[in-house]
Amino acid sequence: MDFTSPLVKDFQLAVNDRFNVMIPIDQIIINETRKEFEGDFTIVLFPFVKLFGKPIEEIGQILGQKLVDDQHFVQGFNVVKGFLNITLSDSFWLDVMDELTENPVIEKSKLKKGKVLVEFASPNTNKPLHLGHIRNILLGWSMSKIYEANGYDVIKTQVINDRGIAICKSMYAWKSWGNGATPESLQVKGDHFVGDFYVLFEKKFQEEYKLWQQSNDAQKLFSQNGQFKDQEEFFKGYKNQYFNEKSKIGNDARKMLLDWEANDESTRQLWMKMNQWVYDGFDTTYHDLGVSFDTTYYESDTYLLGKKAVKTGLDSGVFFKEPDGSVWIDLTDAGMDKKIMLRSDGTSVYITQDIGTAQQRYEDFQVSKMIYTVGDEQDYHFKVLFEVLKRLQEPFADGLYHLSYGMVELPTGKMKSREGTVVDADDIISEVIQEAALLTAERGEISHLSETEKAEIIRKIGLAALKFFIIKVAPKKKMIFDPKDSVDLQGQTGPYIQNAYVRIQSLLRKAAEQNINLNQRNDQNLITFNAYERSLLKQVMQFSDIVRNAAETYDPSIIANFSYQLAKDFHRFYHEVRILNAENADVKVSRLKISKVVGDVLKAAFDLLGIEMPDRM
RNA sequence: GGUCCCGUAGCUCAGCUGGAUAGAGCAACAGAUUUCUAAUCUGUGGGUCUCAGGUUCGAAUCCUGACGGGAUCACCA
């Protein structure tokens, strides 16, 4: 609902009436009046000074008076420097309140705007999910919800990297040292179970490598490479080569990869079994986070895609072939480099596969937009990918967006798996819920509820703390995640906002007990709205704009910050103003209506962020 | 080195499509509950918006250049 444009229109007419100039609407700057001044909205007059050749204060006086005389919605005004502060009439606010109460908080546009595919999560099967994945998942999920709210059909997807040397390492380790153990037999979550074997492989490999470093063979190699001062440095750099050329278990793992590619029956069986364990584990984490996918792509299916695109590109002259048979694209005229599309042995590289996958998705769903939620270390990759797709003249090429986000770091620095500083997703989820349980018990507010009801509320609170902590930061910024702060339930946090909602539900329950009807308009008795009420209404009526803006800028943090501001203002209102004991029945009803609509908006906003609201806490 | 991103209070972050005296939370200190859920509210202290130029009536915001931090520039993914 757009409430300010009638005011802007009136202002435009007032200017025309008094100065005979028709100012374009988009040149009229209107803001919410800052708290330290009196008024609801402020029009900036500076741009008009030169136009009218009068002192700015006088212009303000003339136009303000005109708006009051019109008797539309303006009740009063004041001019401070070049700012015309306008106070809207109580009847205006009464209308706004009833409009907001009677309509859904988000107007879902009736006409469909098209289909959008959102990719997020996209894990590897050799490691459990960590904090970085959580940020990714929250962003992608939230983006999906935001696009739905803006009238799009959304397809949520992930692409799982289920093949390659990494999973073969886990497979080899399990086969060699696993003794037939399963996640069930060891009571370990599947993704962790497989991840542990990956780690075990690395450990065994390191042992083997260390041992080899003492050998004559190794020492000879080291002394032949005179540019290295110390052994440690040399062997660090030699590690990959050792793995590929000399390592026994490296060789065995690579043999597995070849077997896999040759479709060897037993290797494929093992691969399927272990990946299934991982997927079961991932599903648990996704479930805990409250997210799901409409479809999943697997790299084992898609990694060969894109070769056809290479042929098409060659035919149309977008790509070119080197004498050795490799295929390239030259993007130097677009400020990028040359990029390989196909290796000289004819196999695909990462980008080939992405081209094929994009085409496949378009074929599958005919989407007009695709949003890739991937960390900012791949900014360049996506820049190249999108440019290539454009040059291939794909019909979807204009609807591609890389939702890039910054790395999640700890107060101590980057997470490093080698140093064991990676924050595991499952761990942090359970930690934050435990903390919520502790503090909820201390409070005692819900102690009368059943255990399952309590657990449910506690889960919502804990997850809200974690999720809000992450989603409130603008995506493109890297963020510092302090586990200590993330379990905070006070101040600028998810639970703070939930608490505002819970207070509102409590009010509404009591109002229902008193049989107060909130569905009727008050046409008889005009009430005076105080500053708290006006502020709440102003924010609530901006919600649709906020949601649109979040979609346009691909930024859920806008909604998070909006929610916080609204909750904060509600808490203040709640503290300063009597609601159920208001001075008369009309005021009571209007305050309840405002509270209800604030609650509805908070809940809708949190839903867009993937955060649930409890009714009590 | 080329390209891209970031730099705001002790810490974590808003504000960035230019508008009034730059805001929150945390941390510190002082207060508020016979009243609708105190996971709340009020107050105090805390700033060269990295720096220097430029555009403008007006710059944290736009432009240029430094400085600092990060990412990326594979026949890896």
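Residue numbers begin at 1 in each chain, while the letters A, B, ... track the order of the sequences.
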Side chain of [X] (C-beta onward), nearest among [options]:
X: A:Lys477; options: B:rU40, B:rC16, B:rU35; answer: B:rC16
X: A:Arg616; options: B:rU35, B:rU37, B:rG25; answer: B:rU37
X: A:Lys568; options: B:rU42, B:rG25, B:rG19; answer: B:rG25
X: A:His575; options: B:rG70, B:rC41, B:rA14; answer: B:rC41

Sort out the partner of [N] for me: Watson-Crick or G-U wobble, both distances under 3.5 Å, none otherwise.
N: B:rC41; answer: B:rG31
N: B:rC36; answer: none
N: B:rU3; answer: B:rA71
N: B:rG65; answer: B:rC51
N: B:rG10; answer: B:rC26
N: B:rG58; answer: none
N: B:rG18; answer: none

Any base atoms under 4.0 Å from [X], or only sugar-phosphate, or nothing? Heavy atoms, all strands.
X: A:Asn85; result: base
X: A:Asp485; result: nothing
X: A:Met479; result: sugar-phosphate
X: A:Val473; result: sugar-phosphate
X: A:Asp354; result: nothing
X: A:Ile56; result: nothing
X: A:Gln565; result: nothing
X: A:Arg34; result: base
X: A:Thr440; result: base

Between the protein and nucleotides 56-64 of chain B, are there any N/O to N/O pairs under 3.5 Å, and if so, what are the atom names and distances?
none

(request) Report yes if the ring of A:Phe83 lies under 5.5 Å from the six-membered base ring of B:rA20 with planes under 30°, and no otherwise. (result)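 Stacked: ring centres under 5.5 Å, planes under 30°.
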(request) May I ask whether A:Tyr380 stacks on the base of B:rA71, given the cut-offs of 5.5 Å between ring centres and 30° between planes? (result)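 It does not: the two rings, one from A:Tyr380 and one from B:rA71, miss the stacking criterion.
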Quick check on the 6.0 Å ring-centre criterion: do [X] and [Y] meet it?
X: A:Phe83; Y: A:Phe46; result: yes
X: A:Phe120; Y: A:Tyr405; result: no
X: A:Phe201; Y: A:Tyr198; result: no
X: A:Phe469; Y: A:Phe481; result: yes

State whether a side-chain donor-acceptor pair under 3.5 Å links [X] with [Y].
X: A:Thr33; Y: A:Asp40; result: no
X: A:Asp162; Y: A:Ser300; result: yes
X: A:Lys588; Y: A:Gln514; result: yes
X: A:Asp488; Y: A:Thr493; result: no

(message) Could you tell me if A:Arg503 sits above the aromatic ring of A:Phe570, with its cationic atom closer than 6.0 Å to the ring centre and no more than 45 degrees from the axis?
(response)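 Not flagged: A:Arg503 not positioned over aromatic ring of A:Phe570.
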Quick test: give all pairs of protein nitrogen or oxygen and nucleotides 74-77 of chain B nitrogen or oxygen below 3.5 Å, distance rounded to 0.1 Å.
| residue | atom | partner | partner atom | Å |
| --- | --- | --- | --- | --- |
| B:rC75 | O3' | A:Arg343 | NE | 3.1 |
| B:rC75 | O2 | A:Ser344 | N | 3.1 |
| B:rC75 | O2 | A:Ser344 | OG | 3.1 |
| B:rC75 | N3 | A:Ser344 | OG | 3.0 |
| B:rC75 | N4 | A:Asp324 | OD2 | 2.0 |
| B:rC76 | OP2 | A:Arg343 | NE | 2.0 |
| B:rC76 | OP2 | A:Arg343 | NH2 | 2.4 |
| B:rC76 | O3' | A:Arg343 | NH2 | 3.4 |
| B:rA77 | OP1 | A:Arg343 | NH2 | 2.9 |
| B:rA77 | OP2 | A:Tyr350 | N | 3.0 |
| B:rA77 | O3' | A:Glu299 | OE1 | 3.4 |

(request) Return yes if the base of B:rA20 and the side-chain atoms of A:Thr42 contain a donor-acceptor N/O pair under 3.5 Å, otherwise no. (result)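 Answer is yes: a donor-acceptor pair is held.
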(request) Mind checking the CG-CZ spacing from A:Asn85 to A:Phe41? Nearest 0.5 Å is all I need. (result)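 So the gap between those two atoms works out to 12.0 Å.
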(message) If I take atom OH from residue A:Tyr372 and atom CG from residue A:Leu403, how far apart are they, to the nearest 0.5 angstrom?
(response)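 A:Tyr372 atom OH to A:Leu403 atom CG measures 13.0 Å (nearest 0.5 Å).
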(request) Using atom CG of A:Asp379 as one end and atom P of B:rA71 as the other, report the distance to the nearest whole Å. (result)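 Answer to the nearest Å: 13 Å.
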(request) Check the distance between B:rU37's P and A:Gln505's CD and give it to me in whole angstrom. (result)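 The answer, rounded to whole Å, is 12 Å.
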